[in-house]
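The model shown is predicted, which means the values in this text are computed figures rather than measured ones. First the proteins, then the strands, lettered A, B, ... as listed; each starts at 1.
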2 protein chains.
Amino acid sequence: MTKLTIKDIAKEAGVSTATISRVLNNSGYVSNDIKQHVMEVIRKLNYQPNAIARSLKQEKSRSVGIVLPDMTNPYFMNIARAIQHRCFQEGYHLLFVDTEENPDKEKEALDFLTEKRIEALILAGTGGNREQIQAISGAGIRVILVDRRYSNLKLDTVAEDNIYASKAAIEYLIEKNHRRIGIIGGPQSISTARERRQGAMIGLEEAGIALAPELMVEGDYTRDSGTDALRRLMALPEPPTAIFSANNEMTFGVYLGMQQLGLPLDSIEVVSFGNLEFSSLFRHKLSVIMQNPHDIGEIVGDLLIRRLGGDDSETENQVLVPKLVPYEA
Amino acid sequence: MTKLTIKDIAKEAGVSTATISRVLNNSGYVSNDIKQHVMEVIRKLNYQPNAIARSLKQEKSRSVGIVLPDMTNPYFMNIARAIQHRCFQEGYHLLFVDTEENPDKEKEALDFLTEKRIEALILAGTGGNREQIQAISGAGIRVILVDRRYSNLKLDTVAEDNIYASKAAIEYLIEKNHRRIGIIGGPQSISTARERRQGAMIGLEEAGIALAPELMVEGDYTRDSGTDALRRLMALPEPPTAIFSANNEMTFGVYLGMQQLGLPLDSIEVVSFGNLEFSSLFRHKLSVIMQNPHDIGEIVGDLLIRRLGGDDSETENQVLVPKLVPYEA
DNA sequence: TTGTAAGCGTTATCAT
DNA sequence: ATGATAACGCTTACAA
């Protein structure tokens, strides 16, 4: 039972391949009788067109690359799911690659995807490979940056207002009378980490609180680095009474650290980026900056389809505002 | 700057397209001088072969479909990540589709993917579409079932021993002197849910405990259904002292339910399928049946590459054994 | 060792 | 309204 081609259908239906193609694509003229008949034959033989041949001929792959730092992170996958839905509706498929925050893997991924002739690229980048990303965009592949920005690259971007949210987090802690606030930041190669750090610093400055370098520690967005950061902070002569953590994984590590040190989980007030599902289940002082991955995904999906449809209007820069949810609300 | 083709390279290098192709694929004979020269030209012009044209000619798409019920579930995405790595290494790309447990969407997904001429299909199915899955396999597309089985379909399967693990869970609770055990099962259309229910029933039977129908409630693997199940169980004249829950989302719902009802979180002993990350952070009596998504992914990845490489040996049925981790360990 | 050319399954142009 | 056929970019007999 070898794969059927358009020729088989043409022969069976007693018409030319051109006619079959016209029926398949609802293009050109074809009489109703023939149309019905052809569709009947197609159904009878259970013919499925070959998307690869079509792609070659039309020079359109109908595929979109999506490059993420961590495929197991529900934040990114909530974004991805919304995009996938939209693409599926429109007949596009997504090629996923997981870079594990590694710029070298990211480079390989970009090479791989360009060979696969993706029509667009959705990227939550590691921070590296600027030239290549630029080149990809220059080659006519639509690039949409998501969650993370690249300064100087004029590309569509959908991300959250990290500076605003971080500043709000610090203001919240200050209002609660905290003055020594530990700041656990992420890798400065990543734009979100830079922005969250910056927002926090602005918050402190505007409140007239001097920046204490020993209270600012840099993790790498992993759980272990959060635990480590907590240990360092609590080992200070004058430890913080509150902590601002730049992502959810590190915050998880912070609580594990408290447990290891025998500190009550509510002895330190924490504000953290990212949705932390368990937070509703126990009494600790954890406030959360809720992000909007699903909304981001929908916006990216719409923008993507518009761009693929030929929309050449100016580069868009969409900003969503995360919401601070205090722990007692 | 229109896309370069093999002809451009051939002209520039002063050789035929066949030679370029040979260099590109390390196939046939080509003298070292020419090889060097061609590679030089390729690099200079930054030529990238067109994977679509190659696919058409070779009748190999180098693509693999992966159909999952929930792309945001870290369990499935841990599986997927391991597969993605392996595929990427081998030059295959993955087409993801999320079915949201909906058999109709699954059907659309399968149609979509066969048009895209996937060479293999990784499926964590909804339970429906048996004929189509059979047909896909019959058409020479390698099918690997993951996590969930289809009885009567002779297909490679990599899954966990749900019956054994569920039985062990019940035995554990019985050993802790529980006699009234609430069982929160999943949708019986899904094989894992059926198996987990069955294992639990075997455990009770072997201990000589009569099955109490009112203690067996069926959820749908969602958080809300877990909360709902707890409410129903606690409304019984004689509520259970322990609960066996068939997945992690429902367990989360159970704890939310306890909180809503004002029950102390450690007033009921729970054993649950699935990794529950927060469980280490607070004192409740939650034991967990740890699954092995990463291992599953690696096994599937290896099997997949073997099958794509032409391994036609008998259908494999790999079974991993999840481990019960008691809450005090 | 290298080149020529047919062909993969479509679509689209040009006739008819 | 329908049909022939060239072309998409590559691989691979077959020839030289």
When B:Arg307, B:Arg149, B:Arg306 are each screened for salt bridge (charged side-chain N to carboxylate O under 4.0 Å, His left out) with B:Asp156, the one that passes is B:Arg307
Of all residues at least two apart in sequence or in a different chain, which pass the side-chain hydrogen bond (donor to acceptor under 3.5 Å, both in side chains) check with A:Arg142? A:Asp312
Enumerate the ring pair (Phe, Tyr, Trp, His ring centres under 6.0 Å) contacts for residues 29-77 of chain B, please, sequence neighbours excluded, ordered by first and then second residue. none
Could you pull out all residues at least two apart from A:Asn78 that satisfy side-chain contact (heavy atoms from CB on, under 4.5 Å)? A:Pro74, A:Arg81, A:Pro293, B:Thr72
Separation of atom OH in B:Tyr29 from atom P in D:dT12, rounded to whole Å: 16 Å
Tell me the salt bridge (Lys or Arg N to Asp or Glu O under 4.0 Å) pairs involving residues 113-133 of chain B, sequence neighbours left out? none
On DNA chain C, compare the nucleotides closest to B:Thr19 and A:Ser27; which residue's is nearer the 5' end? B:Thr19
By side-chain contact (heavy atoms from CB on, under 4.5 Å) - contacts of A:Ser55 (at least two apart): B:Ile52
Span of DNA chain C in contact with chain B (heavy atoms, under 4.0 Å): C:dT1 to C:dG9
Which residues pass the side-chain contact (heavy atoms from CB on, under 4.5 Å) test with A:Asp111, not counting sequence neighbours? A:Lys107, A:Gln132, B:Gln48
Pairing residues for B:Phe96 by the ring pair (Phe, Tyr, Trp, His ring centres under 6.0 Å) criterion, not counting sequence neighbours: A:Phe96
The helix from C:dT1-D:dA16 to C:dT16-D:dA1: angle between end helix axes, five pairs per end, rounded to 10 degrees: 40°
Quick one: list whatever passes side-chain contact (heavy atoms from CB on, under 4.5 Å) with A:Lys35, sequence neighbours left out. A:Val23, A:Asn26, A:Val30, A:Asn32
Protein-to-nucleotide contact annotation, 5' to 3' order, nucleotides 5-11 of chain D [B base; S sugar-phosphate only; - none; under 4.0 Å, heavy atom]: B-BBBBB
B:Phe88 meets the ring pair (Phe, Tyr, Trp, His ring centres under 6.0 Å) criterion, sequence neighbours left out, with A:Phe112
